[in-house]
4 protein chains.
Amino acid sequence: MSNFGSDNGAGAHPKIVEALMAASTGSVPAYGNDELTLRVEHQLAELFEREITVLLMATGTAANCVGLATLCSPFGGIYAHSEAHIVNDESTAPEFFTNGARQFSVGGVSAKPDLDELKRVIEVSGARGVHSVQPSVIALSNLTELGGRFSNDEILAYGDLAKSKDMKLFMDGARFANALVGGGETPADLTWRAGVDVLSFGATKNGAMAAEALIFFNPEEAKLAEFHRKRAGHLWSKHRFLAAQFDAYLHDNLWLELARTANEKMLSLRQGIDSCEAVSVLAGGDGNELFVAMSPEHAETLLELGHLFYAWPSLTQGYRLVTSFTTTDAEIDEFCADLKRL
Amino acid sequence: MSNFGSDNGAGAHPKIVEALMAASTGSVPAYGNDELTLRVEHQLAELFEREITVLLMATGTAANCVGLATLCSPFGGIYAHSEAHIVNDESTAPEFFTNGARQFSVGGVSAKPDLDELKRVIEVSGARGVHSVQPSVIALSNLTELGGRFSNDEILAYGDLAKSKDMKLFMDGARFANALVGGGETPADLTWRAGVDVLSFGATKNGAMAAEALIFFNPEEAKLAEFHRKRAGHLWSKHRFLAAQFDAYLHDNLWLELARTANEKMLSLRQGIDSCEAVSVLAGGDGNELFVAMSPEHAETLLELGHLFYAWPSLTQGYRLVTSFTTTDAEIDEFCADLKRL
Amino acid sequence: MSNFGSDNGAGAHPKIVEALMAASTGSVPAYGNDELTLRVEHQLAELFEREITVLLMATGTAANCVGLATLCSPFGGIYAHSEAHIVNDESTAPEFFTNGARQFSVGGVSAKPDLDELKRVIEVSGARGVHSVQPSVIALSNLTELGGRFSNDEILAYGDLAKSKDMKLFMDGARFANALVGGGETPADLTWRAGVDVLSFGATKNGAMAAEALIFFNPEEAKLAEFHRKRAGHLWSKHRFLAAQFDAYLHDNLWLELARTANEKMLSLRQGIDSCEAVSVLAGGDGNELFVAMSPEHAETLLELGHLFYAWPSLTQGYRLVTSFTTTDAEIDEFCADLKRL
Amino acid sequence: MSNFGSDNGAGAHPKIVEALMAASTGSVPAYGNDELTLRVEHQLAELFEREITVLLMATGTAANCVGLATLCSPFGGIYAHSEAHIVNDESTAPEFFTNGARQFSVGGVSAKPDLDELKRVIEVSGARGVHSVQPSVIALSNLTELGGRFSNDEILAYGDLAKSKDMKLFMDGARFANALVGGGETPADLTWRAGVDVLSFGATKNGAMAAEALIFFNPEEAKLAEFHRKRAGHLWSKHRFLAAQFDAYLHDNLWLELARTANEKMLSLRQGIDSCEAVSVLAGGDGNELFVAMSPEHAETLLELGHLFYAWPSLTQGYRLVTSFTTTDAEIDEFCADLKRL
């Protein structure tokens, strides 16, 4: 038995829940006017090496969509890879929060938007003035939705494109930790130094209970964000409990440790898989996600043996495997053993 | 020093946080397909003595607005007291979630909508067919926003009005527990037996961290609710952590115990206040909220002495005092002592 | 037989339709890039004695709501009299176009917002920061919806209030012509010189087929208006046909002549009514609208005799009488004769 | 000199404007409750050989988007060819009217959605339950946006796909007349007999001033349409002027005569073009639109010579030529003569 279904099937790290316990007593101001929230804001500013505006929310959809709504008018266009989470997994939340902006999606290897296609789609879609959408935001995910990792250099190319078109660059960082520890760059390198204007910095998939930080690298651009958060019902009254999660998440680099564990488990899993003929790797592996091809019969057999993972509808005979900070070597060994027996 | 600012300034009850701890290990299905969620659904169905549909969310604004959006088309009208939380404290969230329905507000003692005025406003506002809004939802709060309590009989009058107009009756129960323990009726008496179609059943203000249950008493009417929740970013991936809070909240009637404590403290506070000439009671007192009038100078003095409470903009020289499960006798004594010295 | 039902029951003035005929031949640029449109823009700028931005649309709801959406964010509040057209007759169009801003309505004689109440409602509704709506627009109608007329002085008081609150002043001028000819002031006096930021300048009710001009007195504020118009489907491809109506409407002051006729007929009607005991005047009479009280039985009798007019739901036993440029003396005489016989 | 820029650059046919003149006198009920409107509804029901619900509006964007909003919830997905008007030329109107539904676009020859790709995109985009959009509407244009024509057989394949997926089939018929006269089928054949649920039946591009009819072939499904129209500001008070246009348009088959003229002119134009080496046909020609490739230099020369036509951004070196009922043989001859001289 193993669970490679999703990193959101894992629970919360004990240190995160202990922080909730510690924060649960005493009267503190509501709605984010508490000291714990202030501390987290300072920690994040330090981590990213600049003045920022931070908004904490409980879900990735909320953080992504409050960010997009702040950057993009209802007449605007948002451009992402066709595999992106905002395209496939958030219902019509981006349209809802932006009051009807449009999403455009393009192809590209490893769920990285193909730059030429991206440029072309932006230009064609915005070519007819008031009759067209107004191209406004390029949205990347790092890790990408197919488990790839963007380097500073790669991101910079999108940042330059955004600037040249007077657009903004948004990054969905639901698995930002896994991307970061997968390379030798700093948080600043992977964001504003590469042209990212706004980051949705995830903690939920990496050990938190429900906590994401929406980070604006240019506080001027954040002015309307708090209104978008409030009217979507995402401003917590007991805001300390969002802050407490982040406080523990950042403390002593817990977040990096958890992401490193998940990535290392993925490395092991991948090594095990590489020697199996029944499956072939399609994408991913840079962080804690791997996409493999196998026959539906083989997949069925594995599921019946108690292994958990999901089909990926856009990939032919494709399946996704995700590790997390709770993945055990036993799970990996058992999965690979069963794989070999197929 | 005392804190009567709000029940959302209190932390979370230890049993709630212990439940989070207990739920934090192990792999379970995401998005509410876990056993703990199922258990909470059963507990709530039992509590309300009928088949229901339940959706858990983290904030009251979310629960209220997903409920309203499910009941009310974008062409619809929502009718509430002018003091209601959905009118005053949720930005334009009701308009946002309903895609542009309109709120109408009426007067009435103790923040209970005046029935005659309500009927008249419904009729006038809906009198011009396609040119008018379509009257759709009557919304009550119990406790009311001025700390009053609706009995079964009182609610029934609104339920009958709603039925006669082919409208739905919604109840914001952010302080439903405080209303319930303030009288001798059952949860069913205060809701569907009195004509309530949908209840936003609060836990956050009564000891939870961030947890509200949106309850549909007619599951047929709930069909679109899950879509509204998802697209607003309120479907938690690690849904177990919403369920765990409710599980502890309902277990051994913790919720009733906490509400009883808060209400008893309010009774003590009120008794202390009644003997002070500097303040007079304006409204409330049925549950854990009291609204008093005093001079701004007196209020200022009390605030400087370290007491915390807020002015209530719609009441002349009005201030709100709220007790919670964490309120101590010492706070009450100190506040009343300072009151007497004014 | 008479028709005092509405000025929109009248047809179009022959000169307006002749202008359509004249404009119907030849190839001209679409979407407002034609010379006729340019000419109308110049005519309007001259009429209002300043640089303006003009957008033509076919309906009053469109012109009002594109204007409001341009001035007001989705978090904003719009404040009007409870009788206003945007409050009662446009379904939820204001919420739709603004993506969910909220309307607040206040009382006041003759459908003129009571200034004290208006100020109080603005302050109370906006008192809680991000939890409140952001007060954004004060909306007047001139003529008011109860047939009253605002003078420059009166408007100025709202303009000053708007400025003091950092809000904008919007004017629904569906019957602006009737208001103008009812006094001795200029178009500029009744708009920007009194603090009006945006005017919805109607022609439809005064002889056009379907034509309204949305006028921004500060072109800077108009930047997003064309996007709102386009995405609401109100940018005509054969825009010349909107412009042609306005060209004829303004030519040789046709618009003033038609409004004068309508107002004079109202004066005659009112004189006739004043001598009848069966009806009493409730409001209006400054332009081409009068609101009277009579018993439902009397109203029924008149309707059966072939007179057309409508009940006004918000006024007890209230009925509205409207004259237009097509009203005849015979209609007035017959109506008054039947009134006397009641 | 010639004008092949667009059929919306043409004026209105004299008979249409005469009908406006005839309709301009007398008092009739507003908002579509007049006899002329009733007559047009009957005429259209007869034309389409079944009971229908009709809503008249002034623009194609309005008719398209009121139709889509009536068929598609805010959680829904709308699937069209990437060249479709609703995708490229209506800003974010479809998102606006539907309150945030999503558009998906696919490829396909002649702007006809490729059936296999369409099926795949529907299935992938709707594969994740509440996390996905809910596939709701397939939208075709006939003529297609690249000037192609759908036959009954072809449409039927989309109708069957829609039914098999519990979706609706919408048709943008801005140039329905040109499609109809391009083949031997009846209006019913090209719509409901082929599975079309809702048709946006255009008149503006074919001789009207501003008039489109939104037609529901299943009146049950039309219930909310009038609310969508009203709240978008598209319900005309002097509705007779929309009806009058359609009355003249349908009378004595004027609409077919005008479309036949436009199509015949296109045939002439195409014959002239076929013999020119400087241009090659890319798409269209089934109705009154043709898409050709030529070098930018050649295009520039022609424009300088006074010919009017537009580049088509999505086609490499592509240009669109459109004929209308006002196109003259002289225009065609002059254009072809200049083409030959390139």
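Throughout, protein chains are lettered first and strands after them, A, B, ... in sequence-line order, and every chain is numbered starting at 1. The model shown is predicted, which means the values in this text are computed figures rather than measured ones.
Aromatic rings from D:H234 and D:H228 are positioned such that their centres are separated by 6.0 Å or more. Ring to ring, C:Y319 and C:F4 are not that close: their centroids are 6.0 angstrom or more apart. Ring centroids of D:F325 and D:W255 are separated by 6.0 Å or more, keeping the two rings apart.
Chain C forms more heavy-atom pairs under 4.5 Å with one residue of D:S6, D:G9, D:G26 than with any other, namely D:G9. The choice from C:P94, C:G60, C:A63, C:A12 that makes the most heavy-atom pairs within less than 4.5 Å of chain D is C:A12. Interface check for chain D: of the options C:P29, C:A30, C:S27, the most heavy-atom pairs under 4.5 Å are formed by C:S27. Options C:Y31, C:W236, C:F241, C:F96 differ in how many heavy-atom pairs under 4.5 Å they form with chain D, and the most are formed by C:F96. Here C:T204 is the residue among C:T204, C:N99, C:T25 with the most heavy-atom pairs under 4.5 Å with chain D. Among the candidates C:A232, C:C65, C:S91, C:A62, the residue making the largest number of heavy-atom pairs closer than 4.5 Å to chain D is C:A232. Ranked by heavy-atom pairs shorter than 4.5 Å toward chain C, the options D:V17, D:T61, D:L20 are led by D:V17. Taking chain C as the reference chain and counting heavy-atom pairs below 4.5 Å, the highest number among D:D34, D:T59, D:T326 is found for D:T59.
Note on residues 54-74 of chain C: no pairs pass ring-ring contact (aromatic ring centres under 6.0 Å, His included), not counting sequence neighbours.
No side-chain N or O of D:N64 forms a donor-acceptor pair with one of D:H85 less than 3.5 Å apart.
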**Q.** Derivation of the salt bridge (charged side-chain N to carboxylate O under 4.0 Å, His left out) call for D:E90 and C:R231
**A.** CA-CA 6 Å; D:E90 304 188 351; C:R231 92 187 294 233; over 6 Å; no
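C:K205 places no side-chain N or O within 3.5 Å of a backbone atom of C:S324 that could act as its donor or acceptor partner. Side-chain atoms of C:N263 come within 3.5 Å of backbone atoms of C:N178 as a donor-acceptor pair (strictly under, hydrogens ignored).
Contacts between C:N33 and chain D at a heavy-atom distance below 4.5 Å are absent for every atom of the residue. Contact annotation for C:I16: neither backbone nor side-chain heavy atoms come within less than 4.5 Å of a heavy atom of chain D. Heavy atoms of C:A208 lying under 4.5 Å from chain D belong exclusively to its backbone. If you measure heavy-atom distances from D:L235 to chain C, the contacts under 4.5 Å come from the backbone alone. With a 4.5 Å cut-off on non-hydrogen atoms, C:T92 touches chain D through its backbone and its side chain both.
Nearest approach of D:K265 to D:D329, heavy atoms of both residues: NZ-OD1, 2.9 Å.
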